[in-house]
Amino acid sequence: MLAIGATIFTACKKDDKKPLPNEMQIGTQIYPLNEAYANYWPSDDGLMDFCLYMSSADGMVEINFCNLHCTGTGPVIKSGTYTSADTYENMTVDKGDIGYTTDNYETNVCLGDNASLTVVNHGNDVYEFTWNTVDENGVAVKGHYKGKVLFDEAD
């Protein structure tokens, strides 16, 4: 009887893990993110370079991680944690090319020197991105996006 009760309890237990919302938080302000796209191109040293953008449906809010560098070919961003760096290496993103705008590009704010982006490639162009850093003004910037990424090969 005890085994039957345990089986019923286990089967009825809900999964408390809710998916993270697609949003960026700057200080206390939260902005929804609805889409992601990336330009990509091969570099001369065998790394692939990407400019990754996640934005709101109206295009007023966007965060960009430009010049992500990773090994591989074609439009595949490798899973792992990318850190901001002044050097051009695998699993880095250029320090000066990470930022966000909340007013349709009237202002572009750079993220701090210790920015990082965690990438999970779920396959079929579905990715999960998570970041938690500060901007150049010392304001906390964090976010999450999971969904399809549209890729475009740069000329």
Side-chain angles (χ1 to χ4, degrees), residues 15 17-155:
D15 185 6
K17 204 171 187 183
K18 294 179 182 176
L20 294 171
N22 288 344
E23 64 186 21
M24 174 173 58
Q25 183 174 347
I26 302 168
T28 58
Q29 186 68 42
I30 295 175
Y31 302 93
L33 298 172
N34 303 88
E35 59 188 7
Y37 60 98
N39 297 324
Y40 68 96
W41 61 96
S43 66
D44 293 335
D45 61 2
L47 294 177
M48 290 298 297
D49 292 335
F50 295 87
C51 276
L52 171 66
Y53 307 91
M54 290 164 275
S55 62
S56 60
D58 62 5
M60 292 292 288
V61 175
E62 181 177 87
I63 185 161
N64 62 278
F65 291 88
C66 256
N67 294 337
L68 278 117
H69 313 293
C70 65
T71 58
T73 59
V76 176
I77 303 174
K78 298 280 186 178
S79 294
T81 299
Y82 293 74
T83 56
S84 58
D86 289 326
T87 58
Y88 184 84
E89 297 175 33
N90 188 34
M91 304 300 281
T92 62
V93 58
D94 292 352
K95 272 188 184 178
D97 293 327
I98 311 168
Y100 66 85
T101 182
T102 57
D103 54 8
N104 200 24
Y105 302 100
E106 293 297 319
T107 309
N108 192 19
V109 180
C110 289
L111 295 183
D113 288 346
N114 296 317
S116 66
L117 173 70
T118 300
V119 176
V120 177
N121 180 343
H122 291 283
N124 296 322
D125 294 337
V126 174
Y127 287 84
E128 188 167 3
F129 305 104
T130 308
W131 59 96
N132 189 355
T133 187
V134 295
D135 67 17
E136 63 190 343
N137 302 313
V139 177
V141 179
K142 63 182 180 178
H144 174 265
Y145 178 88
K146 182 179 180 183
K148 194 146 185 102
V149 176
L150 302 174
F151 287 96
D152 183 33
E153 187 170 8
D155 296 329

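Given the structure is predicted, the values throughout are model-derived calculations rather than measurements. We number each residue from 1, following the sequence as shown. What you see below is based on every heavy atom in this structure, not just the backbone, and it leaves out hydrogens, waters and symmetry mates.
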Report the C-alpha distance between Phe50 and Val93 in whole Å, list the side-chain angles of each, state the deciding distance to 0.1 Å, and finish with yes or no for side chain to side chain contact (heavy atoms under 4.5 Å, CB included). CA-CA 9 Å; Phe50 295 87; Val93 58; over 6 Å; no
Okay, side chain of [X], backbone of [Y]: is any donor-acceptor separation there less than 3.5 Å?
X: Gln25; Y: Gly27; value: yes
X: Asn22; Y: Lys146; value: yes
X: Tyr145; Y: Leu33; value: no
X: Thr130; Y: Thr118; value: no
X: Lys78; Y: Val119; value: no
X: His144; Y: Pro21; value: yes
X: Asp97; Y: Cys66; value: no
X: Asp49; Y: Ser43; value: no

Steps toward side chain to side chain contact (heavy atoms under 4.5 Å, CB included) verdict (Ile77, Tyr82): CA-CA 11 Å; Ile77 303 174; Tyr82 293 74; 3.6 Å; yes
[X] [atom1] to [Y] [atom2] distance, which is reported to the nearest 0.5 Å:
X: Cys110; Y: Lys95; atom1: SG; atom2: NZ; value: 12.0 Å
X: Tyr37; Y: Glu62; atom1: OH; atom2: CD; value: 4.0 Å
X: Glu136; Y: Asn108; atom1: CD; atom2: CG; value: 8.5 Å
X: Glu89; Y: Thr71; atom1: CD; atom2: OG1; value: 13.0 Å
X: Ser55; Y: Glu35; atom1: OG; atom2: CD; value: 4.0 Å
X: Thr73; Y: Leu47; atom1: OG1; atom2: CG; value: 12.0 Å

Taking the side chain as everything from C-beta on, heavy atoms only, tell me whether [X] gets closer than 4.5 Å to [Y].
X: Val109; Y: Thr102; value: no
X: Tyr88; Y: Asn67; value: no
X: Asp94; Y: Ser84; value: no

Would you call the rings of Tyr40 and Phe151 parallel, tilted or perpendicular if under 30° counts as parallel and over 60° as perpendicular?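 Ring orientation of Tyr40 relative to Phe151: perpendicular.
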Distance only, no hydrogens: is a donor on one side chain within 3.5 Å (strictly under) of an acceptor on the other, for Asp135 and Tyr100?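 Short answer, yes.
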Under a plain distance cut-off of 3.5 Å, with no hydrogens placed, do Asp103 and Thr101 share a side-chain donor-acceptor pair?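 Yes.
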How close do Ser56 and Pro32 get, counting heavy atoms only, and between which atoms?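 Minimum heavy-atom separation between Ser56 and Pro32: CB-O, 3.4 Å.
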Looking at every non-hydrogen atom in both residues, tell me the closest pair between Ile98 and Ala115 and how far apart they are.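 It is CD1-CB, 4.1 Å.
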Can Ile63 and Trp131 be said to form a side chain to side chain contact (heavy atoms under 4.5 Å, CB included), step by step? CA-CA 11 Å; Ile63 185 161; Trp131 59 96; 3.4 Å; yes
With a sphere of 6.0 Å drawn around CG of Asp58, does it hold more than 12 non-hydrogen atoms of other residues, nucleotides or ligands?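 Yes, enclosed.
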Verdict with reasoning, Phe129 to Val149, per side chain to side chain contact (heavy atoms under 4.5 Å, CB included): CA-CA 11 Å; Phe129 305 104; Val149 176; 3.7 Å; yes
